[in-house]
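Below is one structure, written out as structure tokens; comments come after it.
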Amino acid sequence: MDHKKLAELLFSHIDKTPQYYEEKYPDRGLPKEAKVTRLGPSPTGFIHLGNLYGAFVDERLAHQSGGRFFLRIEDTDDKRLVEGAVDIIINSLRFFGINFDEGVTAEGDIGAYGDYTQSHRGEIYQCFAKELVAQGKAYPCFMTEEEIAEIRKQQEELKENPGIYGKWAKSRELSMEEIEKKISEGLPYVVRLKSDGDLTKPGEEIRRIAVEDAIRGTLDMPENDQDTVILKATGIPTYHFAHVVDDHLMRTTHVVRGAEWLPSLPIHIELFEKFGWEPPVYCHTAQLMKLDEEGNKRKLSKREDPELSLDYYRNEGYHPAAVREYLLTILNSNFEEWRIENPDGDIDDFRFTTEKMSNSGALFDLNKLKDISKDVLLKISASDLYDFLKAWAEEFKARDEKVQSIFKDRAYLEKVLDIGRSEAKPRKDHIYALQMIENISYFFDNLFTVEEAMPEEAASDVKTIIGKYMESYDHCDDQSLWFDKIRAIAEELGYAAKPKDYKKNPEAYKGHVGHVSTVIRVALMGRQQSPDVWEIQQILGEERVRQRLEKFL
RNA sequence: GGCUCUAUGGUCAAGUGGUUAAGACUCCGCCCUCUCACGGCGGCUACCCGGGUUCGAAUCCCGGUAGAGUCACCA
């Protein structure tokens, strides 16, 4: 078989050589510790928390080493393509602080290693496929779907591994004349890798390969034996082939991808070997898991777990800084420790390492996110919180006039957001935008409703308590004077001035001062629980306070 | 079924032959306290199982078990 002649027959339209591309995309000339990483989403328009998780690793690795981080669109499957998906990907990632140095952007490609969209790179893949054919390392395969299904059936009966390899790879043995004939008949064909890992060689053990993974250490895997498709009938490459060619030509140093790629790693290693190229450092990240109904862990899936799409966090109004902080804590187990030691440290000063990444699947923990979010939001100024809330409301509550109305008075809302935050032991009331707005709704007359009942202990005295409270109310009282007055009202009406007295002697009192103040709280806030009433009154203003109280007389 | 990965409390996790087996979140109790939150203190709960190696195993080896992933002209 004259492989060169076969290569010309299959790829007569390819005039460039691998040499041409090697020169066009030279070594990047970066310092040797600099890492070049990439994100290669397929443009389905779906952004998953898992995507962010991986993107974060890519981004940290590149930007903490003085390297490059680029975006490549992996659209080799036209069935998956969704209009506008690229913009969604870029914008979503940017929102969470992931920015690319190179690759596809809304304004076109940036960088010298493009084109960065795989569907535009057909000639390149075909050139390298041609090279493989010319060296006898790949071949055209004319098997039909039916034939492949038939082979699979036989393999199942014989309990042999499924797939096209060794003796099952019938097209391997085609002569030049047969191939020429089939092509002249217009029969469709794919190009397959001619794998060296042929299982059917008698008396041989399956060879093993050792691959270094930056997260998992040394991987011991069986060598690939499958004649994997590298070029589909359309001339478009499969993921495997595009990955190898692109990451070589784009000089990627670190490939970060999910652990679901582990089983096909031997294919990629064999391809790199066939080309005589150095493979990148692989970083196979753990899958994000979820507890299903039966209590089993399972991989997150975008179809079944919509709440784990990135949009969920945007909708709920989680702050990007909180999501970043959360992601880092599940990404690097020593981050939490670092954060405790450096409560005000810049997140960029934490040195991210692949070695500290977990290789078992982490369960997504919403409680933990909320807890982290409380601390993160505490560090954000009221002014910035206002901007964040407003931007969120404009995106997700644009038609909700009641919500929109809270932004009319910036100074007022900022005061509301700052309640109890400046003390030594600050309140941590804020978690995410939706929750915050519900939490502070009573500050705004068109959101205010009485949601909770009066406390039982004081239910019969509501009018009396509020009446006396209004009589004695002076908006200029300081906090201690204000509370002394409430104590006086409580005692006068037969309530204990201190809750402890009431607990010791429940029969001696109707209730305690807490019940009396709760009456005022329900009248003013519509709820039994809230931050300090005096502080709230100062923000509400005397007029609004009196109006709300009067409704209970 | 083959191959691969994983296995420490409810969750996330330190731990790499000798530890009272860290820490965080959740939950519970107490304290602080006019409610809630915050904060403080305390508590519950863990090395998947069985063999080996060793004076000694969560840690090393072997064998199970369980969970997950993957076996496409999808990525």
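Protein chains get the first letters and strands the later ones, always in sequence-line order, with residue 1 at the start of each.
In this structure B/U4 sits in a base pair with B/A68, meeting the Watson-Crick or G-U test at under 3.5 Å. In this entry B/U19 has no Watson-Crick or G-U wobble partner, no candidate having both defining distances under 3.5 Å. Checking B/C44 for Watson-Crick or G-U wobble geometry (two distances, each under 3.5 Å) identifies no partner in any strand. Base pairing analysis places B/A24 opposite B/U11; the two distances defining the Watson-Crick or G-U wobble pair are each below 3.5 Å. Figure legend. B/G50 is base-paired to B/C62; pairs are counted as Watson-Crick or G-U wobble with both atom distances under 3.5 Å. Here B/G56 sits opposite no nucleotide as a Watson-Crick or G-U wobble pair (both hydrogen-bonding atom distances under 3.5 Å). Pair check for B/G39 finds B/C31; Watson-Crick or G-U wobble, both atom distances under 3.5 Å.
The two residues A/Asp115 and A/Met250 have their closest heavy-atom pair at O-CE, 3.6 Å. Looking at every heavy atom in both residues, A/Gly258 comes nearest to A/Thr285 through CA-OG1, 3.5 Å. Nearest approach of A/Gly163 to A/Ile151, heavy atoms of both residues: O-CG2, 4.3 Å.
Between the CG atom of A/Leu219 and the P atom of B/U70 there is a distance of 16 Å, given to the nearest Å. Rounded to whole Å, the distance from CD on A/Glu223 to P on B/U4 is 14 Å. Rounded to whole Å, the distance from NE2 on A/His284 to P on B/U6 is 12 Å. Taking atom CG of A/Asn224 as the reference point, atom C1' of B/A72 lies 15 Å away to the nearest angstrom. Protein atom CD of A/Glu157 is 19 Å distant from nucleotide atom P of B/G1, rounded to whole Å. Between the C1' atom of B/A72 and the OH atom of A/Tyr165 lies a distance of 16 Å, rounded to the nearest Å. Rounded to whole Å, the distance from CD on A/Glu535 to P on B/C36 is 17 Å. Distance, A/Glu355 CD to B/U16 P: 16 Å, rounded to whole Å.
Defined by atom type and a distance below 3.5 Å, a donor-acceptor pair is missing between the side-chain atoms of A/Arg38 and A/Thr252. Defined by atom type and a distance below 3.5 Å, a donor-acceptor pair is missing between the side-chain atoms of A/Ser195 and A/Asp227. Counted by atom type alone, A/Asp461 and A/Tyr495 present one or more donor-acceptor pairs between their side chains at under 3.5 Å. In summary, the side chains of A/Gln155 and A/Asn161 do not present any donor paired with an acceptor at a separation below 3.5 Å, with no hydrogens or angles considered. Under the 3.5 Å distance criterion, with hydrogens and angles disregarded, a donor-acceptor pair is assigned to the side chains of A/Asn224 and A/Glu270.
Evaluation of the side-chain hydrogen bond (donor to acceptor under 3.5 Å, both in side chains) rule for A/Asn51 yields no partner, not counting sequence neighbours. Checked against ring pair (Phe, Tyr, Trp, His ring centres under 6.0 Å), A/Tyr282 has the following partners two or more places apart in sequence or in another chain: A/His243, A/His284. For A/Tyr318, the ring pair (Phe, Tyr, Trp, His ring centres under 6.0 Å) test picks out A/Tyr313, A/Tyr432, with sequence neighbours left out.
The gap from the C1' atom of B/G23 to that of B/A13 amounts to 8 Å, rounded to the nearest Å. Taking the P atom of each, B/U16 and B/C30 are spaced 39 Å apart, rounded to whole Å. Nucleotides B/A68 and B/C60 have their C1' atoms positioned 25 Å apart, rounded to a whole Å. Between B/C47 and B/G39, the distance separating the two C1' atoms is 33 Å to the nearest Å. With C1' as the reference atom, B/G10 and B/A72 are 39 Å apart, rounded to whole Å. To the nearest whole angstrom, the two C1' atoms, one in B/G9 and one in B/A58, are 14 Å apart. Taking atom C1' on both nucleotides, B/U45 is separated from B/C28 by 12 Å, rounded to a whole Å. B/U11 sits 16 Å from B/G67 when the C1' atoms are compared, rounded to a whole Å.
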So if I define the base as every atom that isn't primed, P, OP1 or OP2, how would nucleotides 19-35 of chain B read as a B/S/- string at a heavy-atom cutoff under 4.0 Å? -----BSS-----S-BB
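Checking B/U4, B/C71, B/C12 against every side-chain atom of A/Pro162, the shortest atom distance belongs to B/C71. The side chain of A/Pro222 lies closest to B/C3, out of B/C38, B/G2, B/C3.
Contacts of A/Arg216 with the nucleic acid, taken as non-hydrogen atoms under 4.0 Å apart, involve only primed sugar atoms and P, OP1 or OP2.
Proximity of A/Arg208 to the phosphate of B/U4: a side-chain N or O atom is located under 4.0 Å from OP1 or OP2.
In this structure, A/Arg192 forms no cation-pi arrangement with A/Tyr139, as its terminal cationic atom is not both closer than 6.0 Å to the ring centre and no more than 45° off the ring axis.
A salt bridge links A/Asp477 with A/Lys485: the closest approach of a Lys/Arg side-chain nitrogen to an acidic carboxylate oxygen falls below 4.0 angstrom.
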Under 3.5 Å, which protein N or O atoms sit close to an N or O of nucleotides 73-75 of chain B? Give each pair with its distance.
unit_1: B/C73; atom_1: O2; unit_2: A/Ala233; atom_2: N; d: 2.9
unit_1: B/C74; atom_1: OP2; unit_2: A/Lys232; atom_2: NZ; d: 2.8
unit_1: B/C74; atom_1: O2'; unit_2: A/Asp77; atom_2: OD2; d: 2.9
unit_1: B/C74; atom_1: O2'; unit_2: A/Arg80; atom_2: NE; d: 3.3
unit_1: B/C74; atom_1: O2; unit_2: A/Arg80; atom_2: NH2; d: 2.7
unit_1: B/A75; atom_1: OP1; unit_2: A/Thr76; atom_2: OG1; d: 2.5
unit_1: B/A75; atom_1: OP1; unit_2: A/Lys232; atom_2: NZ; d: 2.8
unit_1: B/A75; atom_1: OP2; unit_2: A/Tyr239; atom_2: N; d: 3.1
unit_1: B/A75; atom_1: O3'; unit_2: A/Glu74; atom_2: OE1; d: 3.2

What does the list of N/O pairs under 3.5 Å between the protein and nucleotides 57-65 of chain B look like, with a distance for each?
none

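Taking the six-membered ring for Trp and thresholds of 30 and 60 degrees, A/Tyr239 and A/Trp261 have nearly parallel ring planes, at less than 30 degrees apart.
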